[in-house]
Amino acid sequence: MIRSRKHSKQTKKSKDSDDFTEPHSKLLLERFPYTTKDFQLKDVPVLTIDQSFFADPFKTIDDLYAKGYEKFGIVKLILPPDLVVPNKKFFSLLESKLKGKRLQTRIQTLNTQRAGEIFGSNSTGFTVQEYMNLANKFECSHKLQGVREVSNQIRQNEIEFWSIVDYPTKYDDVEVEYAADLLATKYATGFQEGQLGNLSGINKNRNSIFQVLQEKNEMSGISVPWLYLGMKYANFCWHKEDLNLNSMNYMHAGAAKTWYAIPPSYSDKFLQYFNKAFENERKENPRLLYDITCQISPVELAENGIPILRTDQQPGELILTLGATYHAGFSHGLNCSEAVNVAPTQWLKEFDRATQEYRMDGNLKKVSFPLEWLLCKVALMVDEIRFTKQSWQKLFEKFKQMIDQEINNRKCILSLYDRVKTIEFVNKLEKYDRSVCKICSNYMFLSYIFCGKCIKKGCICHQSICACAAPQVSLYIRYNNEELYAMLATLESKIKTTGS
């Protein structure tokens, strides 16, 4: 909805508006600060895929990496048109699936998003039909707050959206609501029974590291899909995926969504620019970037040497992000999408990059899960999961790097302290989140040190976790060295027995 900045009062709705956004009477003669020339951005690479993609989706991901698409950080895949469910039928089916469940929303005011203000929350929420009514009512009543620059409605929306974000005091407040991060297992998946492409099972395919996750261990919003319902100008702010994971975002139905992406090679430059541009705001809220509430226009970023790729996602199109790709975007009307993270073996190198970045930023961003946990599950489940020979090789090399570092750290602890007790976990299957480091707040899966004097525990890589004059140190380990080497040997054997 639009509210006057002076009176905080909702404007009168026009009954004569149609899908072609009318000009706002107050600003009829005023031009927007931006024109189409400001948004002459490079296109996201686009590939058309057939139904064979769903039989082995990670083969396509392997091919994309092999052909160098990683440098773009984002690809749009166009699915066969016969897989798309018509809008009216889709939303009717979704409503029947949800059976009256209410969807909580984020309240977004475009005029405050450049300042990074935390979104409001509508905990009462909406049914699907109520949210559809809200979205359609907003779109019909919304008045263009400036002179129309172009007949293409998507590009006109783009001009208005970023003009309001970047020049908030020039325009009446625009408030929208976004039903985001709806766990598919709790609410519903947008995919129909038997429909190809269901993201709920995408991580069970060959070459997915997440194959090892059993239902009880699956991670909400990472290996389990989220559902999203958007309306005009509902948006997602600049961010990367947790731990630089890849992501798949499929649009089920509705209006287009514009995506912007920064190639991974410019990830550090974006971070530097963000920290400088929001220096004062970060003093108040050091977690500003990780709260995902800041919008920066692609125009501003491009002017500061950060290239931007853009695409308009339509129903039946799948957006795939690769690695350390910052991305943002907004919707042009009522729509529904579904997204999930995926972990091909190419992601293994991204884990180290992401965790190093978190450490450099004072561990303000918590590591979502320990890689050691996944790698050990891979080694223990070699006969139940499927990888190509090349992928087994990558897993072996990463596992070897992990245990070499782990064993060296253990030796360091044993030489650093007198009379260290080494104690094996009573339950080797204990969940990874049971032990958290006192210093960095990361999970301690393989081992930790414990001081019996001050009752503190921490990662063994820190070597010291307390200021006790004579600490009583115990080294707790999940697997002993022999067991770790046995797992490594199992992975090496798998390489030899897997065909090329």
Legend entry - Partners meeting ring-ring contact (aromatic ring centres under 6.0 Å, His included) with Phe161 (sequence neighbours left out):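 By the ring-ring contact (aromatic ring centres under 6.0 Å, His included) rule, Phe161 matches Tyr233, Phe330.
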Inset, instruction - Using the test ring-ring contact (aromatic ring centres under 6.0 Å, His included), find all partners of Phe236 that sit at least two apart in sequence or belong to another chain. - result: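 Residues passing ring-ring contact (aromatic ring centres under 6.0 Å, His included) with Phe236: Trp259.
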What residues, two or more places apart in sequence or in another chain, satisfy side chain to side chain contact (heavy atoms under 4.5 Å, CB included) together with [X]?
X	answer
Asn244	Lys240, Ala324, Glu350, Arg353, Ala354
Asn280	Lys283
Lys71	none
Ser52	Asp50

Legend entry - Residue pairs fulfilling side chain to side chain donor-acceptor pair (under 3.5 Å) with at least one residue in residues 93-104, sequence neighbours excluded: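 Residue pairs with at least one partner in residues 93-104: Arg102-Glu130.
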Legend entry - Pair listing, side chain to side chain donor-acceptor pair (under 3.5 Å) test, anchored in residues 320-329, at least two apart: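 Residue pairs passing side chain to side chain donor-acceptor pair (under 3.5 Å), neighbours aside: His239-His327, Glu241-His327, Ser247-Thr321.
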Inset, instruction - Ignoring hydrogens and angles, tell me if any N or O in the side chain of Gln145 forms a donor-acceptor pair with the backbone of Asp172 under 3.5 Å. - result: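 Judged by distance alone, yes, a pair lies under 3.5 Å.
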Inset, instruction - Kindly say whether Tyr171 contributes a backbone atom to a donor-acceptor pair with the side chain of Asn111 at under 3.5 angstrom? - result: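 A pair under 3.5 Å: yes.
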Inset, instruction - Find the distance between OH (Tyr187) and CG (Leu103) and round it off to the nearest 0.5 Å. - result: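 The distance works out to 6.5 Å.
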Among all residues two or more places apart in sequence or in another chain, which pass the side chain to side chain donor-acceptor pair (under 3.5 Å) test with [X]?
X	result
Gln129	Asn133
Glu372	none
Tyr131	none

Residues 33-49 side chain polar contacts: donor-acceptor under 3.5 Å, at least two apart:
from, atom 1, to, atom 2, distance (Å)
Tyr34, OH, Asp166, OD2, 2.5
Thr35, OG1, Lys37, N, 3.3
Asp38, OD2, Thr35, N, 2.9

Legend entry - Aromatic centroids of Phe119 and Tyr178 separated by under 6.0 Å: no
Legend entry - Donor + acceptor pair across side chains of Tyr260, Glu158 (<3.5 Å):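 Judged by distance alone, the side chains do pair up.
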Legend entry - Between Ser223 and Asn203: side-chain donor-acceptor atoms closer than 3.5 Å: no
Answer yes or no: is there an ion pair linking [X] with [Y], defined by an N-O contact shorter than 4.0 Å?
X	Y	result
Asp361	Arg282	yes
Arg155	Glu149	no
Lys232	Glu139	no

